[in-house]
Protein chains: 2
Amino acid sequence: MGDDTSLTLSDDEVDRIFRALADATRRDIVRRTLTEEITVSALAAAYEMSFAAVQKHVSVLESAGLVHKNRHGRERLVRGNPDTLRKAQLLLDQYEELWRRRIDRLDALLAGDPAGGPPADPAAPA
Amino acid sequence: MGDDTSLTLSDDEVDRIFRALADATRRDIVRRTLTEEITVSALAAAYEMSFAAVQKHVSVLESAGLVHKNRHGRERLVRGNPDTLRKAQLLLDQYEELWRRRIDRLDALLAGDPAGGPPADPAAPA
DNA sequence: TTAACGTACAACCATCCGGTTGTATATCTG
DNA sequence: CAGATATACAACCGGATGGTTGTACGTTAA
């Protein structure tokens, strides 16, 4: 679990990534920790909720692989993980590509290009 | 709500988009409906759950703007919406860019470029 | 006009989620 | 050592989620 090097994502992993991103506080934590390492306390101070609540958010992000915690004495430095973010990007790219290919097929069809599949309309110009 | 033309997304909208994507069945529905319009019944037949359950999934996708329902007689044709997908992509791109800029700053710092901010190490070569 | 079909929607239920408070543990500081 | 700080973690609670079944309604087909 949490293998950063794997390119194939299980449904569960993808679930966790998108679920983790589906919360404004957590997205903000990702944003901050992508540009600087911050302790959990420092993060907690930034939000109108308890330390424990922020701790949970960080935990959700961590088990999604979006964030990594580094021990530094008694504190934990939270750092965003661009790799996982990139995986999510790739996912969305694939959907986009899927849609684009459909449009290409339609275009080919309209252009009478046989490579786009046999036209269903026999009335099309030869 | 659900304004496809707006380029700025509220936290709530983003929440709904990622939340909607955080489920394998819903992602599959998006995948299918991006390349072809399908009725809710046809979709329901593809999954091991009740019609009502699939109906709910479609509803979640619809209120996230990821899918659109077109009435066609007594059936509803579900079609994926690439625009909303693109918005999510843009979001992730911004995070990625944030991280990239941080790296650029670090690079500039290491290169002794004063535009990257004043080097903290006075031992750096002049 | 019935009957079948496709959909909508309400009610219900178990589980999950996001928050809280409280307690325990490790580390730093005086 | 004692005390303060940073974190971890469990228990609890209300509301959201994801599933179910049942009922109602508009549309198509016989």
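Just so we're on the same page: letters track the sequence lines, and every chain starts at 1. Everything numeric here is computed off the predicted structure, so don't read it as measured data.
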In whole angstroms, how far is the P atom of C/dC16 from the NE2 atom of A/His57?
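Result: 18 Å.
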Roughly how many Å is it from CD1 in B/Ile38 to C1' in C/dG6, rounded to a whole number?
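After rounding, the gap between these two atoms is 16 Å.
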At under 4.0 Å between heavy atoms, what does A/Thr39 touch on the DNA or RNA strands: base, sugar-phosphate, or nothing?
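A/Thr39: backbone/sugar contact only, no base atoms under 4.0 Å.
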Distance-minimising heavy-atom pair for [X] and [Y]:
X       : Y       : answer
A/Tyr95 : B/Leu85 : CB-CD2, 3.7 Å
A/Gly80 : A/Pro82 : O-CD, 3.4 Å
A/Tyr47 : A/Asp28 : OH-OD2, 2.6 Å

Between protein and nucleic acid, restricted to nucleotides 28-30 of chain C and to nitrogen or oxygen atoms under 3.5 Å apart, what atom pairs and distances do you find?
none

Could you tell me whether [X] and [Y] have a side-chain N and a carboxylate O separated by less than 4.0 Å?
X        : Y        : value
A/Asp83  : A/Lys87  : no
A/Arg101 : A/Asp104 : no
B/Glu13  : B/Arg16  : no

Would you tabulate the pairs of protein nitrogen or oxygen atoms and nucleotide nitrogen or oxygen atoms of nucleotides 20-22 of chain D closer than 3.5 angstrom?
residue	atom	partner	partner atom	Å
D/dT20	OP1	B/Ser50	N	3.4
D/dT20	OP2	B/Ser50	N	2.9
D/dT20	OP2	B/Ser50	OG	2.6

Hey, could you give me the CD1/OG1 distance between B/Ile103 and A/Thr35, rounded to the nearest 0.5 Å?
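Rounded to the nearest 0.5 Å, the CD1-OG1 separation comes out at 10.5 Å.
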Out of curiosity, A/Glu96 CD to A/Leu92 CG, how far, rounded to the nearest 0.5 Å?
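The distance works out to 9.0 Å.
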Less than 4.0 angstrom between a side-chain N/O of [X] and OP1 or OP2 of [N], yes or no?
X       : N      : result
A/Arg76 : D/dA8  : yes
B/Arg19 : D/dG18 : yes
A/Arg71 : C/dT27 : yes

